[in-house]
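The figures here come from the full heavy-atom set of this structure, side chains too, leaving out hydrogens, waters and symmetry mates. Both counts, for ligands and for their atoms, begin at 1 and track the order of listing. Positions are given from 1, in the same order as the sequence printed here.
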Amino acid sequence: MEVQLWRDMLAPYQLAVDELVVKFNHVKNQYRDAKMYSPIEMVSGRVKRVSSIIEKAQRKGVDLSQLESKIEDIAGIRLICQFVEDIDAVVKIIRNREDLEIKMEKDYITQRKDSGYRSYHIIAYYTVQTIHGAKKLEVEIQIRTLAMNFWSTIEHSLQYKYKEHMPDELRERLLRAADAVNVLDEEMASVRDEIMDAQNSNRQRANVISDILNNIENLYQVANEREVNKIQTEFFQIYQQDDIGILKRFSKQLDIIAETYRVQSVLNSIK
Ligand code: 0O2
């Protein structure tokens with residue numbers, strides 16, 4: 001196939017990857033904005049390299065004219081979770097989406113591959129709009145934990161280095177490492193609630209502090225400078241006490257002061 005033909009063929013896949021990365025990042029941000037825990041920790045995507053498509057097609061005996069119907073992971077999205085439990089939540093999110101039509105699910109979490117690889121794969125149809133009209137194509141979504149991702153990234157690069165000639169000893173060490181990843185994920189799952197509590201309170205604290213700083217910044221524009229300086233000094237003292245309850249109360253008081261100034265400035269403008 002000529003270079004230009006490859007480009008034409010891959011362009012809609014790039015569009016699909018770009019759109020889905022934006023959409024899944026949006027899912028993650030929506031959870032965070034709603035001050036909820038997001039089962040998605042990281043999102044990435046890629047279009048398979050031409051050399052990799054050709055290599056896979058040869059390996060599977062697929063004719064180049066049938067690439068789009070036979071190679072399911074030309075467009076790939078990877079969703080990384082913190083905990084194994086989050087994977088189920090992400091799968092449910094995908095099953096409920098109206099822009100993705102699931103073709104197939106492959107559960108390599110409960111049935112890991114012989115290599116030690118663990119991940120949950122969803123092959124789905126996704127439609128992009130092009131200047132030639134709508135194009136329905138296949139995307140592969142890989143969902144895995146941070147630990148599984150660490151293992152598969154390393155193993156993938158070793159596979160790339162050795163092809164099918166990976167030394168037995170290395171293969172065994174990788175299997176032992178896969179077992180260790182399994183244990184790590186199980187350990188993390190057992191302290192999940194505690195970790196989530198810690199992360200939630202860190203996030204809550206960061207949100208309250210950012211609200212307070214925003215209010216102080218706005219007050220500088222409408223209130224007496226000496227008064228705002230006083231508020232700021234008080235905030236620094238409270239900040240050092242490191243008590244979320246006190247910070248929240250201070251933030252509420254500041255909301256009231258800011259609201260009073262807002263009402264005052266509206267009244268002044270209609271006088
Ligand atoms: P790349 O370079 O990541 O694109 P199937 O016919 O379903 O058995 P297929 O189509 O290869 O075979 O599907 P499978 O096995 O679900 O693999 C799809 C992708 O999952 C692979 O794409 C890898 O990204 C990943 N994967 C599968 N098995 C392994 C493994 O043992 N180790 C690692 N690190 N990743 C794996 P590609 O095209 O192989 O590679």
Side-chain angles (χ1 to χ4, degrees), residues 1 6-7 9-18 20-21 24 40-81 84 87-88 90-91 94-95 100-126 137-182 184-185:
M1 211 190 303
W6 276 109
R7 276 210 195 107
M9 188 199 97
L10 295 180
Y13 289 88
Q14 187 62 58
L15 179 58
V17 167
D18 291 346
L20 285 167
V21 166
F24 283 114
I40 300 175
E41 176 66 15
M42 283 181 328
V43 181
S44 64
R46 64 97 183 97
V47 171
K48 211 174 177 68
R49 285 199 313 269
V50 173
S51 57
S52 188
I53 296 176
I54 294 173
E55 185 270 316
K56 192 163 188 168
Q58 281 171 347
R59 183 159 38 91
K60 295 185 146 221
V62 171
D63 190 83
L64 288 191
S65 62
Q66 289 188 306
L67 288 180
E68 292 193 76
S69 57
K70 294 279 166 60
I71 306 285
E72 291 160 329
D73 65 341
I74 297 177
I77 300 291
R78 194 165 288 162
L79 304 176
I80 309 294
C81 310
V84 182
I87 295 176
D88 280 345
V90 175
V91 170
I94 294 171
R95 286 186 190 142
L100 287 165
E101 182 196 330
I102 295 182
K103 175 186 175 190
M104 191 198 309
E105 297 187 20
K106 301 180 192 174
D107 182 358
Y108 301 131
I109 304 277
T110 50
Q111 284 165 325
R112 80 173 189 186
K113 288 192 141 191
D114 292 344
S115 60
Y117 177 76
R118 290 173 76 226
S119 190
Y120 198 96
H121 291 191
I122 293 182
I123 313 291
Y125 297 107
Y126 180 75
L137 41 78
E138 290 179 13
V139 294
E140 180 189 74
I141 306 172
Q142 301 183 341
I143 311 147
R144 53 171 84 142
T145 62
L146 286 159
M148 292 171 196
N149 191 49
F150 173 60
W151 182 93
S152 61
T153 306
I154 305 284
E155 196 263 359
H156 192 270
S157 48
L158 289 171
Q159 258 187 41
Y160 188 76
K161 177 174 173 191
Y162 291 102
K163 304 276 182 300
E164 54 279 4
H165 308 294
M166 193 185 295
D168 287 345
E169 198 230 333
L170 184 55
R171 206 181 294 277
E172 271 157 34
R173 283 165 83 173
L174 281 168
L175 276 175
R176 283 203 294 278
D179 290 337
V181 162
N182 215 353
L184 176 63
D185 270 334

From the candidates Met104, Arg59, Gln142, the one that places a heavy atom nearest atom 39 (O) of ligand 1: Arg59

Which residue and heavy atom of the protein sit nearest atom 15 (O) of ligand 1, plus the separation: Lys113 NZ, 2.5 Å

Sub-4.0 Å protein heavy atom near atom 9 (P) of ligand 1: yes

Heavy-atom side-chain proximity of Lys48 to Tyr13 below 4.5 angstrom: no

Atoms in ligand 1 with a heavy atom of Glu155 nearer than 4.0 Å: 30 (C), 32 (N), 33 (C), 34 (N)

Arg49 to ligand 1, any heavy atom closer than 4.0 Å: no

Residue-ligand contact Tyr108/ligand 1, heavy atom below 4.0 Å: yes

Derivation of the side-chain contact (heavy atoms from CB on, under 4.5 Å) call for Leu175 and Arg112: CA-CA 11 Å; Leu175 276 175; Arg112 80 173 189 186; 3.8 Å; yes

From Lys56, Lys48, Gln159, Arg144 - option closest to atom 40 (O) of ligand 1 by heavy atom: Lys48

Any Ile94 side-chain heavy atom under 4.5 Å of Leu79 side chain: yes

Minimum heavy-atom distance Ala147-Leu184, with the two atoms named: CB-CD2, 3.9 Å

Check: Arg144 and Arg118 side chains under 4.5 Å, non-hydrogen atoms: no

Per-residue contact class, Lys60 against ligand 1 - non-hydrogen pairs under 4.0 Å: side chain

Heteroatom proximity flag, Trp151 to ligand 1, N/O under 3.5 Å: no

Where ligand 1 meets Ser152 - atom numbers and elements under 4.0 angstrom, heavy-atom basis: 34 (N)

Structural part of Ser115 in contact with ligand 1, heavy atom criterion under 4.0 angstrom: side chain

Residue pair His121 / Asp73, side-chain heavy-atom distance below 4.5 Å: no

Heavy-atom side-chain proximity of Glu138 to Tyr125 below 4.5 angstrom: yes

Under-4.0 Å heavy-atom contact with ligand 1, by part of Arg46 that carries it: side chain

Heavy-atom closest pair, residues Ala178 and Gly116: CB-O, 3.7 Å

Side-chain touch Leu20/Leu100, heavy atoms, less than 4.5 angstrom: yes

Glu72 heavy atom under 4.0 Å from ligand 1: no

Ring geometry between Trp151 and Tyr117 (parallel below 30°, tilted from 30 to 60°, perpendicular above 60°): tilted

Nearest-contact summary for atom 35 (N) of ligand 1 - protein heavy atom, Å: Tyr117 CE1, 3.2 Å

Ligand 1-proximal atoms of Asp73, by part, heavy-atom distance under 4.0 Å: side chain

His156 contact mode with ligand 1 (heavy-atom cut-off under 4.0 Å): both

Top protein contact for atom 13 (O) of ligand 1, by heavy-atom distance: Lys106 NZ, 3.2 Å

Ligand-residue contact atoms, ligand 1 with Glu140, heavy atoms, under 4.0 Å: 18 (C), 19 (C)

Atom 20 (O) of ligand 1: nearest protein contact (heavy atom, Å): His121 CE1, 2.9 Å

Gln142 side chain reached by Asn149 side chain, heavy atoms, under 4.5 Å: no

Note, Ile141 side chain near Val90 side chain (heavy atom, < 4.5 Å): no

